[in-house]
A.B. asks: 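Shown below is the structure under consideration.
Counting from 1, the numbers follow the sequence of the chain as shown.
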Amino acid sequence: MTTAQDNAPAHDEQDSGSTDHQTEPAAAGIAETVGRVLAMAATAASPSRPGDTAEIEAITDAMVRLLVGTPLRSDGQLTIKSLAEEAGLKRNKLTHKHTGLKDLFYALVRMQDARPKVVDSLKRKNDELTQKLTRLRTEHDQLGTDLQQLARVVHVLEVENQQLRESASSDGVGRASPRDGAGRHR
């Protein structure tokens with residue numbers, strides 16, 4: 001066996017991997033290669049405008065990060081808005097000036113046919129937070145019900161206490177209450 005064969009994963013290992021691992025590097029590699037070629041072409045076509053080259057490089061670097069699932073400046077979604085945020089440019093640079101890169105990005109996203117890892121983790125976290133919110137709302141509703149019930153019990157006890165005081169005063173029997181100070185030892 002050669003050294004390349006020794007280092008290559010077994011055929012079964014390749015088949016057991018998900019398609020995400022196989023298409024992500026391909027899409028990212030395509031974006032990187034096209035970006036490099038376009039940047040060199042922009043430099044050669046108009047050396048007096050280095051801003052175009054910098055924009056092309058920023059856009060393709062952002063494409064690679066989004067396609068691989070490691071965004072630095074955006075939410076990681078595979079949209080033009082996120083691509084512009086990731087590249088640190090205004091969206092109109094993609095929709096009006098670098099339309100070829102926009103079209104390339106959309107084609108690579110369709111080729112990838114998967115969400116990046118960042119979006120999956122955000123969805124998982126959102127689902128957890130939604131469940132927690134549901135649980136807390138249920139608990140809040142139960143506490144509100146308990147509070148109303150306790151308020152009714154306190155009201156009933158106050159009414160009963162008032163009735164007992166009125167009946168005691170109408171009987172002519174003087175009962176000591178804690179407010180009278182009776183029962184204190186001097």
A.B. asks: Test of understanding: with side-chain contact (heavy atoms from CB on, under 4.5 Å), list the residues that count as partners of Leu157, not counting sequence neighbours.
C.D. replies: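 Once residues adjacent in sequence are excluded, the partners of Leu157 under the side-chain contact (heavy atoms from CB on, under 4.5 Å) criterion are Val153, Glu160.
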
A.B. asks: For Ala87 and Ala62, which heavy atoms make the closest approach, and how far apart are they?
C.D. replies: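 Shortest heavy-atom contact: N-CB, 3.6 Å.
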
A.B. asks: Would you give the length of the straight line joining atom CZ of Arg165 to atom OG of Ser170, rounded to the nearest 0.5 angstrom?
C.D. replies: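 If we round to the nearest 0.5 Å, Arg165:CZ and Ser170:OG are 14.0 Å apart.
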
A.B. asks: Would you give the length of the straight line joining atom OG1 of Thr138 to atom NE2 of His140, rounded to the nearest 0.5 angstrom?
C.D. replies: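 Spacing of OG1 (Thr138) from NE2 (His140) equals 11.5 Å.
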
A.B. asks: For Glu139, look at atom CD and say whether over 12 heavy atoms of other residues, nucleotides or ligands are found less than 6.0 Å away.
C.D. replies: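 It does not: Glu139 CD has 12 such atoms or fewer within range.
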
A.B. asks: Is any side-chain heavy atom of Leu78 closer than 4.5 Å to a side-chain heavy atom of Leu66?
C.D. replies: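 The answer is yes, as the side chains (C-beta and beyond) meet within the 4.5 Å cut-off.
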
A.B. asks: Out of curiosity, Ile80 CD1 to Leu101 CG, how far, rounded to the nearest 0.5 Å?
C.D. replies: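 Output value for this atom pair is 9.5 Å.
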
A.B. asks: What are the two closest non-hydrogen atoms of Ser74 and Pro71, and how far apart are they?
C.D. replies: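 Smallest interatomic distance, heavy atoms only, reads OG-CB, 3.8 Å.
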
A.B. asks: Compare all side-chain heavy atoms of Leu147 with those of Leu143 and state whether any distance is below 4.5 angstrom.
C.D. replies: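 No - every pair of side-chain heavy atoms lies 4.5 Å or more apart.
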
A.B. asks: Under the side-chain contact (heavy atoms from CB on, under 4.5 Å) test, which residues partner Thr79, sequence neighbours left out?
C.D. replies: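 Thr79 satisfies side-chain contact (heavy atoms from CB on, under 4.5 Å) with Gln77, Lys81, Ser82 once adjacent residues are dropped.
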
A.B. asks: Show the numbers, then the answer: is there a salt bridge (Lys or Arg N to Asp or Glu O under 4.0 Å) between Lys97 and Glu55?
C.D. replies: CA-CA 10 Å; Lys97 186 175 182 181; Glu55 288 175 357; 3.1 Å; yes

A.B. asks: Under the criterion side-chain contact (heavy atoms from CB on, under 4.5 Å), I'd like the reasoning laid out for Phe105 against Ile59: C-alpha separation, chi angles, the key distance, then a yes or no.
C.D. replies: CA-CA 10 Å; Phe105 180 66; Ile59 292 168; over 6 Å; no

A.B. asks: Determine whether Tyr106 and Leu89 fall in the same hydrophobic cluster, where Ile, Leu, Val, Met, Phe, Trp and Tyr are linked whenever their side-chain heavy atoms lie under 4.5 Å apart.
C.D. replies: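 Cluster IDs for Tyr106 and Leu89 match.
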
A.B. asks: Is it the case that Asp146 and Gln142 place a side-chain donor and acceptor less than 3.5 Å from each other?
C.D. replies: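 Gln142 and Asp146 do have a side-chain donor-acceptor pair below 3.5 Å.
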
A.B. asks: Might you work through the side-chain contact (heavy atoms from CB on, under 4.5 Å) test for Val64 and Val68, ending with a clear yes or no?
C.D. replies: CA-CA 6 Å; Val64 170; Val68 173; 4.3 Å; yes

A.B. asks: Can you tell me how far apart CG (Leu122) and NZ (Lys125) are? Round to the nearest 0.5 Å.
C.D. replies: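 Leu122 atom CG to Lys125 atom NZ measures 8.0 Å (nearest 0.5 Å).
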
A.B. asks: Quick one: does Leu108's side chain get under 4.5 Å of Leu104's, heavy atoms only?
C.D. replies: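 The answer is yes; the side chains approach within 4.5 Å.
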
A.B. asks: Atom NZ of Lys90 and atom NE2 of His96: how far apart are they, to the nearest 0.5 Å?
C.D. replies: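 Here the interatomic distance stands at 13.0 Å.
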
A.B. asks: Out of curiosity, Leu67 CG to Arg65 CZ, how far, rounded to the nearest 0.5 Å?
C.D. replies: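 Between Leu67 CG and Arg65 CZ, I get 11.0 Å after rounding to 0.5 Å.
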
A.B. asks: Does any part of the side chain of Met63, heavy atoms only, come nearer than 4.5 Å to the side chain of Glu86, both counted from C-beta?
C.D. replies: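 Of all side-chain heavy-atom pairs linking Met63 with Glu86, none is under 4.5 Å.
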
A.B. asks: Can we say Asp127 and Lys123 salt-bridge, meaning some charged N sits less than 4.0 Å from an Asp/Glu carboxylate O?
C.D. replies: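 Looking at Asp127 and Lys123, the cut-off is met.
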
